[in-house]
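Just so it is clear, the model here is predicted, and its values are computed rather than measured.
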Amino acid sequence: MLDSAEVAALDDWRFNRRMPSRAAAVREIIRRGLAAEGFAIAVANRKSADYGIIDKSGED
């Protein structure tokens with residue numbers, strides 16, 4: 001949930017970039033934030049189970 005100041009900031013950012021919707025603006029902000037942190041875009045068709053922290057190959 002966003003408070004009214006956050007919604008206003010999001011809408012200002014969105015309108016300045018002529019984004020089609022708030023959802024598109026949120027997705028773009030998230031994409032930019034992840035890219036700034038060095039995260040690559042996820043590979044398509046992967047399951048959430050593919051992103052575990054434990055090696056399932058049986059090796060330690």
Side-chain angles (χ1 to χ4, degrees):
M1 299 293 292
L2 301 175
D3 65 29
S4 60
E6 293 167 332
V7 171
L10 176 62
D11 283 343
D12 288 347
W13 188 88
R14 171 189 165 208
F15 292 132
N16 287 336
R17 286 158 184 79
R18 301 183 190 276
M19 304 289 297
S21 66
R22 279 186 184 152
V26 169
R27 284 191 298 272
E28 179 63 14
I29 290 169
I30 291 170
R31 188 191 66 76
R32 289 178 184 209
L34 291 172
E37 293 291 322
F39 288 94
I41 301 296
V43 177
N45 299 322
R46 296 209 44 199
K47 300 174 190 166
S48 58
D50 296 337
Y51 294 96
I53 58 171
I54 299 172
D55 183 8
K56 294 182 182 178
S57 66
E59 300 175 10
D60 289 321

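- Residues in residues 19-30 take part in these side chain to side chain donor-acceptor pair (under 3.5 Å) pairs, two or more places apart or across chains: Asp11-Arg22, Glu28-Arg31, Glu28-Arg32.
- Asp12 is linked by a side chain to side chain contact (heavy atoms under 4.5 Å, CB included) to nothing, counting only residues two or more places apart in sequence or in another chain.
- No single ILVMFWY cluster, assembled from side-chain heavy atoms under 4.5 Å apart, contains both Phe15 and Ile29.
- Of all the heavy atoms in Arg14 and Ala25, the pair that sits closest is CB-CB, 3.9 Å.
- Looking at residues two or more places apart in sequence or on another chain, you find a side chain to side chain contact (heavy atoms under 4.5 Å, CB included) between Glu37 and Phe39.
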